[in-house]
Trainee: 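Structure provided below as structure tokens; questions to follow.
Order of the sequence lines sets the chain letters (A, B, ...), proteins ahead of strands, with each chain counted from 1.
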2 protein chains.
Amino acid sequence: MTSTEKLGTERMNTERTPLRPTRQRTAVAQALASVDDFRSAQDIHDLLSRAETPVGLATVYRTLNALVEAGEVDMLRTEDGEAIYRRCSETHHHHLVCRSCGATIEVEGPAVERWTTAIAAEHGYSEVSHALEIFGTCGSCRS
Amino acid sequence: MTSTEKLGTERMNTERTPLRPTRQRTAVAQALASVDDFRSAQDIHDLLSRAETPVGLATVYRTLNALVEAGEVDMLRTEDGEAIYRRCSETHHHHLVCRSCGATIEVEGPAVERWTTAIAAEHGYSEVSHALEIFGTCGSCRS
DNA sequence: CGTACTTTGACAATCATTCTCAACAAGCCG
DNA sequence: CGGCTTGTTGAGAATGATTGTCAAAGTACG
């Protein structure tokens, strides 16, 4: 099988399961609420362990993925392929991430949205989505 | 260690090692030359095995990474974090990738380049780089 | 309380990628 | 041609993130 088969192809979660509110789910949500930058699932797991609310690693992954599919959390990948998560605002946006401290700023670029859609249409592509992340070194880290 | 530490931070290969031309290195290069879309390291390894020029998996990874650092190959990650590679043109560009068949078109967007740089500067970020990939369904796959 | 179903977590299992290290090939020198 | 020094290879072990397994626990609700 070529890798091309696994590109994309999401299965949309159209209000599938009832999704019960549990102690561990709220714990993960709170952990996410307590930090500003992107964290890995393992980070979240550690955070919860150090706090008074330990949650199994598998559950952290499950919850995080559920939140991502629900659109409440952003997930992106570091250059070495690790998934990192962060709570996000409702609107579509992109991220300006500091390479050294991870400080993140959400940015919007209507022009970019238009451009990607136009380019795709121009080449006959439909159902367009895109991913744009900007990396740099922030002011405080430049010292 | 928080995941934020491993964001970016490349080490540029300024003509380090002599880089000897070997049978396996040319084999990998040829395999890349023989396909148009993105392939995983494992795919390349399989390709070479099926052909008359088997190359160890570790070597495939080593060679592919070397090519990426040399700027001769593009590497990006599928949504599940797997690295996929493809030979690329010299100039900076982005990709329009078909979600189902993997067909890839290289696109350029000077406006996007300018926009990212401007946004970053505006927020005090320097040494800016960015990643932009567009996913969609191509014409032939829409049937 | 009792049944039906979801959730959890400890741990095993995957899977891509990297590391280890002994066997090898290449360039160079006399 | 031998020998030397050093980059290269590959088989297999090691790593590390992520997912699967499955019995035990939780929840909804009649």
Side-chain angles (χ1 to χ4, degrees), chain A residues 1-7 10-11 13 15-29 31 38-49 51-70 73 75-85, chain B residues 1-7 10-11 13 15-29 31 38-49 51-70 73 75-85:
Chain A
M1 67 213 72
T2 72
S3 66
T4 56
E5 295 177 14
K6 40 182 75 165
L7 286 176
E10 299 289 64
R11 154 199 37 185
N13 178 333
E15 39 83 41
R16 285 292 99 239
T17 33
L19 219 345
R20 238 172 262 178
T22 66
R23 176 183 73 71
Q24 17 285 90
R25 284 210 247 263
T26 54
V28 170
F38 281 92
R39 298 300 173 91
S40 71
Q42 314 260 357
D43 288 339
I44 300 293
H45 175 254
D46 290 349
L47 261 175
L48 293 171
S49 297
E52 65 287 345
T53 49
V55 174
L57 184 55
T59 302
V60 171
Y61 273 105
R62 278 188 289 247
T63 307
L64 246 19
N65 287 336
L67 289 173
V68 168
E69 288 192 12
V73 166
M75 182 244 263
L76 62 86
R77 301 212 173 248
T78 61
E79 302 190 7
D80 52 317
E82 191 184 13
I84 49 180
Y85 308 80
Chain B
M1 65 212 76
T2 71
S3 65
T4 57
E5 296 175 14
K6 38 182 76 163
L7 287 176
E10 298 289 65
R11 156 202 34 186
N13 180 332
E15 39 82 39
R16 289 288 102 232
T17 33
L19 220 345
R20 235 174 263 176
T22 67
R23 177 183 73 71
Q24 17 285 91
R25 284 210 247 263
T26 53
V28 170
F38 281 91
R39 298 299 173 91
S40 70
Q42 314 258 359
D43 288 338
I44 300 292
H45 175 254
D46 289 350
L47 262 175
L48 294 170
S49 298
E52 65 288 340
T53 49
V55 174
L57 184 54
T59 302
V60 171
Y61 274 104
R62 279 188 290 246
T63 305
L64 245 18
N65 287 336
L67 289 173
V68 168
E69 288 191 13
V73 166
M75 181 244 264
L76 61 86
R77 301 213 173 248
T78 61
E79 302 189 8
D80 52 318
E82 189 184 15
I84 49 179
Y85 309 80

Trainee: Give the angle between the helix axes at the two ends of the helix from dC1(C)-dG30(D) to dG30(C)-dC1(D), taking five base pairs at each end and rounding to 10°.
Mentor: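 It works out to 20° between the end axes.
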Trainee: Determine the minimum heavy-atom distance between Glu82(B) and Ser40(B), stating which atoms define it.
Mentor: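 Between these two residues, the closest heavy atoms are OE2-CB, 3.4 Å.
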Trainee: My understanding is that only residues two or more places apart in sequence, or in another chain, count here; which of them pass side-chain hydrogen bond (donor to acceptor under 3.5 Å, both in side chains) with Thr59(A)?
Mentor: Arg62(A)
Trainee: Kindly say whether Thr63(A) contributes a backbone atom to a donor-acceptor pair with the side chain of Arg25(A) at under 3.5 angstrom?
Mentor: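 Answer holds: no.
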Trainee: In whole Å, what is the span from the CG atom of Leu57(A) to the C1' atom of dA13(C)?
Mentor: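 The distance from CG of Leu57(A) to C1' of dA13(C) comes to 14 Å, rounded to the nearest Å.
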Trainee: How long is the line joining CD of Gln24(B) and P of dT9(D), in whole Å?
Mentor: 5 Å
Trainee: Of the nucleotides dT17(C), dT18(D), dG10(D), which one has an atom closest to the side chain of Ala41(A)?
Mentor: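 Looking only at side-chain atoms, Ala41(A) lies closest to dT18(D).
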Trainee: To the nearest 0.5 Å, what is the distance between CG on Leu67(B) and CE on Met75(B)?
Mentor: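 The CE atom of Met75(B) is 11.5 Å from CG of Leu67(B), to the nearest 0.5 Å.
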Trainee: Between Arg23(A) and dG9(C), is there a side-chain N or O to OP1/OP2 distance below 4.0 Å?
Mentor: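 The answer is yes; a side-chain N or O of Arg23(A) sits under 4.0 Å from OP1 or OP2.
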Trainee: Quickly work out the Tyr85(A) OH to dT18(D) C1' distance and round it to whole Å.
Mentor: 8 Å
Trainee: Is Tyr61(B) close enough to dT17(C) that one of its side-chain N or O atoms is under 4.0 Å from OP1 or OP2 there?
Mentor: yes
Trainee: Rounding to a whole Å, what distance do you find between Asp80(B):CG and dG20(D):P?
Mentor: 12 Å
Trainee: If we ignore hydrogens and angles and just use 3.5 Å, is the side chain of Asp46(B) paired with the main-chain N or O of Asp43(B) as donor and acceptor?
Mentor: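 Not confirmed, Asp46(B) side chain does not pair with Asp43(B) backbone.
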Trainee: Which atoms form the tightest heavy-atom contact between Glu79(B) and Arg77(A), and what is the distance?
Mentor: O-NH2, 3.1 Å
Trainee: Determine: side-chain N/O of Arg25(B) to OP1/OP2 of dG7(D), distance under 4.0 Å, yes or no.
Mentor: no
Trainee: On a heavy-atom basis, which atom in His45(B) and which in Val55(B) lie closest, and how many Å separate them?
Mentor: CD2-O, 2.9 Å
Trainee: Rounded to the nearest angstrom, tell me the gap between atom CG in Leu67(A) and atom C1' in dT7(C).
Mentor: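 Answer to the nearest Å: 15 Å.
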Trainee: Kindly write out the residues that satisfy side-chain contact (heavy atoms from CB on, under 4.5 Å) with Thr53(B), not counting sequence neighbours, or none if the list is empty.
Mentor: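 Checked Thr53(B) against side-chain contact (heavy atoms from CB on, under 4.5 Å); matches are Arg23(B), Ala27(B), Leu48(B), Ala51(B).
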Trainee: Can you measure Asn65(A) atom CG to dT19(D) atom C1' for me and round it to whole angstrom units?
Mentor: 10 Å
Trainee: Just to be sure I understand the rule, does Gln42(A) reach a base, reach only the sugar-phosphate, or reach nothing, if contact means heavy atoms closer than 4.0 Å?
Mentor: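 Since a base atom lies under 4.0 Å of Gln42(A), the category is base.
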Trainee: Rounded to whole angstrom units, what separation is found between the NE2 atom of His45(B) and the P atom of dA11(D)?
Mentor: 8 Å
Trainee: Taking protein heavy atoms under 4.0 Å as touching, what does nucleotides 19-27 of chain C look like 5' to 3' if B marks base contact, S marks sugar-phosphate-only contact and - marks none?
Mentor: BB-----B-
Trainee: What is the distance from CD1 of Ile84(A) to P of dA17(D), rounded to the nearest Å?
Mentor: 13 Å
Trainee: Apply side chain to side chain contact (heavy atoms under 4.5 Å, CB included) to Ile44(A) and Tyr85(A), showing your working.
Mentor: CA-CA 9 Å; Ile44(A) 300 293; Tyr85(A) 308 80; 5.8 Å; no
